[in-house]
A.B. asks: 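One structure is given below, represented as structure tokens, and several questions about it will come after.
Below, read A as the first sequence line, B as the second, and so on, with proteins coming before strands; counting in each chain starts at 1. The figures here come from the full heavy-atom set of this structure, side chains too, leaving out hydrogens, waters and symmetry mates.
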Amino acid sequence: NAGVTQTPKFQVLKTGQSMTLQCAQDMNHEYMSWYRQDPGMGLRLIHYSVGAGITDQGEVPNGYNVSRSTTEDFPLRLLSAAPSQTSVYFCASRGARGVDTQYFGPGTRLTVL
Amino acid sequence: AQSVTQLGSHVSVSEGALVLLRCNYSSSVPPYLFWYVQYPNQGLQLLLKYTSAATLVKGINGFEAEFKKSETSFHLTKPSAHMSDAAEYFCAVTSGGSYIPTFGRGTSLIVHP
């Protein structure tokens, strides 16, 4: 199993550009999430999904869109990048039970100039 | 509702000394509790988790944590710190009906030679 994979590992954007961060998992997990990690802020939840076709907002959803057309994939779209979106982004997946472990991807380091 | 508080954003110990990272939780129903570790430039990975089977939980790399319901705590300990333990540690909680874990802000463990 590859687990949770993310592409790209690094990305530099200019203000106003759009892009999609890719996330895929091969563990047949129902739940998937996107977090951003900033110094001193811990992990902040952006969006999450509890199954194909079902998404919801987390703590900091503004400026981001998601969709979940398959169980495996959960892309994160930046609509019009801003310097405040410079961060490290993590995708995660887990099963549906409260006891299930959350598995994280390796992260995407995004810089917006 | 569920929440997690990690006391101390940074903990500094000498190599060979006891490691104690503090986590207190709030949950209206019996919780599942997790400790994750993040090494530099990597995603998070599971250290250990409490599933109600035993209050003292042993994890990887010599870490363990004890669930204390009366104190609503799940502190992480290791008898003897190693340089390789230097990392960011996150406590997380899920409880019945919650889809996504709630994470603490993280504690950075610094190990001095």
A.B. asks: Where does A/Thr101 contact chain B at under 4.5 Å (heavy atoms): side chain, backbone, both or neither?
C.D. replies: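 The answer is both parts of A/Thr101.
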
A.B. asks: Taking all atoms of both residues into account, what is the closest heavy-atom pair of B/Tyr25 and B/Lys69, and its distance?
C.D. replies: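 Result for this residue pair: OH-CA, 3.9 Å.
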
A.B. asks: What closest approach, in Å, do A/Met19 and A/Leu13 show between heavy atoms, and which atom pair accounts for it?
C.D. replies: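 Closest approach of A/Met19 to A/Leu13: CG-CD1, 3.5 Å.
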
A.B. asks: Return each pair, listed once, that meets disulfide bond (SG atoms under 2.5 Å apart) where at least one residue sits in residues 6-61 of chain B; pairs must be two or more places apart or across chains.
C.D. replies: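 Checked against disulfide bond (SG atoms under 2.5 Å apart) - neighbours excluded - the pairs reaching residues 6-61 of chain B are B/Cys23-B/Cys91.
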
A.B. asks: Apply salt bridge (Lys or Arg N to Asp or Glu O under 4.0 Å) to B/Lys58 and list each qualifying residue two or more places apart in sequence or on a separate chain.
C.D. replies: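 Salt bridge (Lys or Arg N to Asp or Glu O under 4.0 Å) list for B/Lys58, sorted by chain: B/Glu64.
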
A.B. asks: Relative to each other, are the rings of A/Phe104 and B/Tyr36 parallel, tilted or perpendicular (30° and 60° limits)?
C.D. replies: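 The arrangement is perpendicular - the two ring planes meet at more than 60°.
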
A.B. asks: Quick one, A/Leu78 with A/Ser18, criterion side-chain contact (heavy atoms from CB on, under 4.5 Å). Give me CA distance, side-chain angles, the key distance, then yes/no.
C.D. replies: CA-CA 5 Å; A/Leu78 280 69; A/Ser18 63; 5.8 Å; no

A.B. asks: Examine whether an atom of A/Asp56 lies under 4.5 Å from a heavy atom of chain B, and if so say whether it belongs to the side chain, the backbone or both; otherwise answer neither.
C.D. replies: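 Neither part.
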
A.B. asks: Measuring heavy-atom distances to chain B, does A/Arg44 have an atom under 4.5 Å in its side chain, in its backbone, in both, or in neither?
C.D. replies: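 Neither part.
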
A.B. asks: How close do A/Phe74 and A/Arg68 get, heavy atom to heavy atom, and via which atoms?
C.D. replies: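 Residues A/Phe74 and A/Arg68, closest heavy atoms: CD1-CD, 3.7 Å.
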
A.B. asks: Report yes or no: does A/Ser49 contribute a side-chain atom to a donor-acceptor pair with the main-chain N or O of A/Ile54 at less than 3.5 Å?
C.D. replies: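 Side chain of A/Ser49 to backbone of A/Ile54: a pair is present.
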
A.B. asks: Tell me, side chain or backbone of B/Tyr50 under 4.5 Å from chain A's heavy atoms, or both, or neither?
C.D. replies: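 Interface part for B/Tyr50: neither.
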
A.B. asks: Using links of under 4.5 Å between side-chain heavy atoms of ILVMFWY residues, direct or through other members, which residues join B/Leu7 in one cluster?
C.D. replies: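 Joined to B/Leu7, directly or through intermediates: none.
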
A.B. asks: Need one label for A/Gln6: side chain, backbone, both or neither, based on atoms under 4.5 Å from any heavy atom in chain B.
C.D. replies: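 Interface part for A/Gln6: neither.
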
A.B. asks: Please state whether the side chain, the backbone, both or neither of A/Tyr35 comes within less than 4.5 Å of a heavy atom of chain B.
C.D. replies: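 It is the side chain, since no backbone atom gets that close.
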
A.B. asks: Checking an interface table here. Which of residues 38-48 of chain B come within a heavy-atom distance under 4.5 Å of chain A?
C.D. replies: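 Expected list: B/Gln38, B/Asn41, B/Gln42, B/Gly43, B/Leu44, B/Leu46.
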
